[in-house]
Each structure stands twice: as C-alpha cells, then as structure tokens.
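Just the heavy atoms: all of them, side chains too, but no hydrogens, waters or symmetry mates, feed the values below. The model shown is predicted, which means the values in this text are computed figures rather than measured ones. For ligands, and for the atoms within them, numbers begin at 1 and follow the listed sequence.
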Amino acid sequence: MQTIGRFAPSPSGRMHLGNVLCALLAYLSARRQNGQLLLRIEDLDAMRCPRSFADLILDDLRWLGLDWDGEVPYQSERSDIYAQYEAVLRDKGLLYPCFCSRAALHAASAPHLSDGRVLYAGTCRDLTPEQIAEKRKTRASATRVRVPDEVVCFTDAVWGEYAENLADECGDFIIRRSDGVFAYQLAVVVDDALTGVNEVVRGADLISSTPQQIWLHRLFGFEPPRFAHIPLLCDHDGRRLSKRDEDLDLGLLRERFTPEQVIGALACAAGLIDRPEPVAARELVSTFDWSKVPRHDLHLPDIFR
Ligand code: GLU
C-alpha cells in the first residue's frame with residue numbers, strides 16, 4: 001500500500017524550527033517510500049489561527065523545498081464532517097455534557113499525570129437529566145467521550161512499544177468545547193482517516209494523545225495509521241522551543257539563512273547527516289532511515305544561537 005503521510009501545523013504563529021524539523025521528517029519518510037505527503041491546516045480555533053499565518057506556513061514550506069501533494073484542507077471549514085462523527089459517538093451512548101470550569105478541572109482532587117495533563121475526575125460523568133437541565137440554565141457544556149478501562153498499545157517508529165490504559169492515563173476527554181469548537185482529538189482522527197493517511201509524523205509531546213486517537217479510529221471502523229513521534233528541539237537552556245521563541249521563527253531565519261542551511265543544520269541535529277552542511281531536503285530522501293533519529297531531546301544547532 002502506498003504511504004500517505006501528512007504535516008498538520010496549527011497556524012497560531014509562524015513556524016519555528018521544531019515545526020520545520022517535523023515537516024522535514026514527515027516529508028523524508030513519505031518520499032523515501034515513494035509515498036505522498038499531504039498538508040492540512042489545523043485551524044480549528046479560528047480566532048487564534050488567522051488565515052495570514054496559514055498562508056505564511058505554505059510559503060515557508062515552499063521556501064524550504066518541502067513540497068506536498070494535493071489540496072490543502074482547512075479544519076475550520078470541516079465542522080459539518082466532525083459533527084457526523086460526533087453523532088456516531090452519541091449514538092453509541094459514549095458522550096456526555098461536561099460543565100466543569102477550567103479552575104474546577106485543575107482542582108486538587110483530580111490526579112495530575114506525569115506529563116502535566118490532568119486526569120478528568122469524572123465530575124459530570126453520571127449527572128441525571130434533571131441535573132443537566134439545571135446546569136444548562138447557567139453554563140454552556142463541553143462534550144466528553146467516556147473511555148473504557150482498556151489498554152491501547154502501538155509500535156512507534158522512534159520510541160518502540162508504547163502503551164496506555166485509557167481510564168487510568170487518559171480519562172474521559174473532550175471532543176467539543178463549550179464554545180462549540182471541535183477538539184483536536186476528534187478532528188485529527190477524522191481527517192487522517194478520511195484523507196487516507198497511514199503514516200503520522202509529529203512531535204513527541206503528542207505521543208500521550210495517540211492511544212486515545214487509536215481508540216477513536218477503531219470505534220469509527222478505521223485502520224489506525226503508523227506513528228513516528230519525533231524528538232523535540234531544545235534551546236541552550238534545555239527549554240523546548242515553542243511559538244513564543246520568536247527569534248527562531250521562519251520570518252527572521254529567512255533573513256539570515258538559506259533554506260539549505262536550515263535543512264542541513266536540522267538534519268545534522270536529527271542524526272541524518274554527520275556535519276551541519278547546507279543540503280536540499282530532496283537530497284536527503286535516498287538515505288533517510290528512522291533508525292538514525294534519536295529518542296532524546298535535540299540541541300538547537302549552533303548556527304541558530
Ligand atoms: N496541529 C498540531 C501542531 O501543530 C499537530 C497535530 C498532529 O500532528 O497530530 O502541533
């Protein structure tokens with residue numbers, strides 16, 4: 001079967017080097033297998049993701065020489081499709097309204113997981129219809145999906161075996177926010193499945209979301225994709241890069257470097273080449289192999305300091 005990979009950035013800012021590394025590895029893996037690479041704009045939260053940032057992402061990817069196949073879907077335009085899958089979950093009796101505020105969710109009673117996520121304490125899991133009607137008078141509800149006490153395992157191209165018990169390590173999760181916006185967890189599964197994606201490459205910070213996504217894939221009758229969660233880039237203080245590190249966004253990098261310099265430095269940091277010499281992305285395709293990509297966080301290449 002042909003590999004169909006994808007790069008799915010959220011345009012809440014300009015891409016930073018970590019996003020570029022993700023795009024590069026998704027591109028190399030797909031192209032190495034003579035596969036396709038799709039691009040999808042994850043702008044569910046349209047207020048935080050203006051179209052101007054999405055346009056810049058497309059332009060930055062072209063500048064980097066990371067080409068993609070086909071049309072670019074925008075999640076902000078696909079709510080009707082997500083609603084159909086929300087209905088599937090509702091018909092299975094798996095959804096319930098949740099009225100908890102952000103403050104309540106972070107209250108001490110809820111166990112905090114090692115990666116900082118908060119396991120939902122189940123406060124609204126068993127509300128009666130009367131209680132729900134009463135709460136609706138004062139608050140809009142989010143929609144949660146009830147997860148079973150079930151272990152989901154998968155084999156990651158970088159991390160190997162990974163397993164999580166949905167009830168103990170994930171908890172009932174939100175599929176639609178109280179403002180009506182669909183949650184990433186639902187949209188990503190529906191979009192990957194409907195566009196035929198069978199290989200997902202993304203940051204290691206998302207690995208703990210993968211079991212719940214695999215569970216949703218199976219519930220909908222989809223074959224889950226393969227996964228590769230890539231190491232994260234850290235600055236010289238050991239802090240993971242984020243969109244707040246504006247000094248490392250593509251806007252400024254494009255003024256200081258050529259695309260080949262950026263690609264070469266990142267490819268070296270990720271273990272793909274021995275020296276951080278300028279190279280075009282397409283020249284790295286024939287030697288790409290996931291076994292070269294390490295599990296540990298990566299240091300920011302020197303040229304960017
Ligand atoms: N949109 C997410 C991000 O930009 C990535 C989601 C994914 O690859 O599944 O961080």
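- The aromatic rings of Phe288 and Trp290 sit perpendicular to each other, their planes meeting at more than 60°, with 30° as the lower class boundary.
- In summary, the atoms of ligand 1 found under 4.0 Å from a heavy atom of Leu206, numbered by their order in the structure, are 5 (C), 6 (C), 7 (C).
- Residue contacts with ligand 1, taken as heavy atom pairs separated by less than 4.0 Å, involve Ser10 via backbone and side-chain atoms alike.
- Salt-bridge check for Asp172 with Arg144: failed, with every basic side-chain N at 4.0 Å or more from each acidic carboxylate O.
- Taking a 4.0 Å cut-off on heavy atoms, Tyr184 registers as neighbouring ligand 1.
- With ligand atoms numbered from 1 in the order given, ligand 1 contributes 7 (C), 8 (O), 9 (O) to contacts under 4.0 Å with heavy atoms of Arg6.
- Short contacts between ligand 1 and Glu42, defined as distances under 4.0 Å to a heavy atom of the residue, involve ligand atoms 1 (N), 2 (C), 5 (C), 6 (C).
- Looking at heavy atoms from C-beta onward, Tyr184 lies out of side-chain contact with Gln75 at the 4.5 angstrom threshold.
- In this structure, Tyr85 and Phe222 have tilted ring planes: the angle between them lies in the 30° to 60° band.
- One side chain, Gln185 or Ser209, offers a donor N or O that lies under 3.5 Å from an acceptor on the other.
- To the nearest 0.5 Å, the span separating CG on Leu250 from CG on Asn19 amounts to 8.5 Å.
- Taking a cut-off of under 4.0 Å to the non-hydrogen atoms of Val188, the atoms of ligand 1 that pass are 9 (O).
- Contact annotation for Gln75 and ligand 1: no heavy atom of the residue comes within less than 4.0 Å of the ligand.
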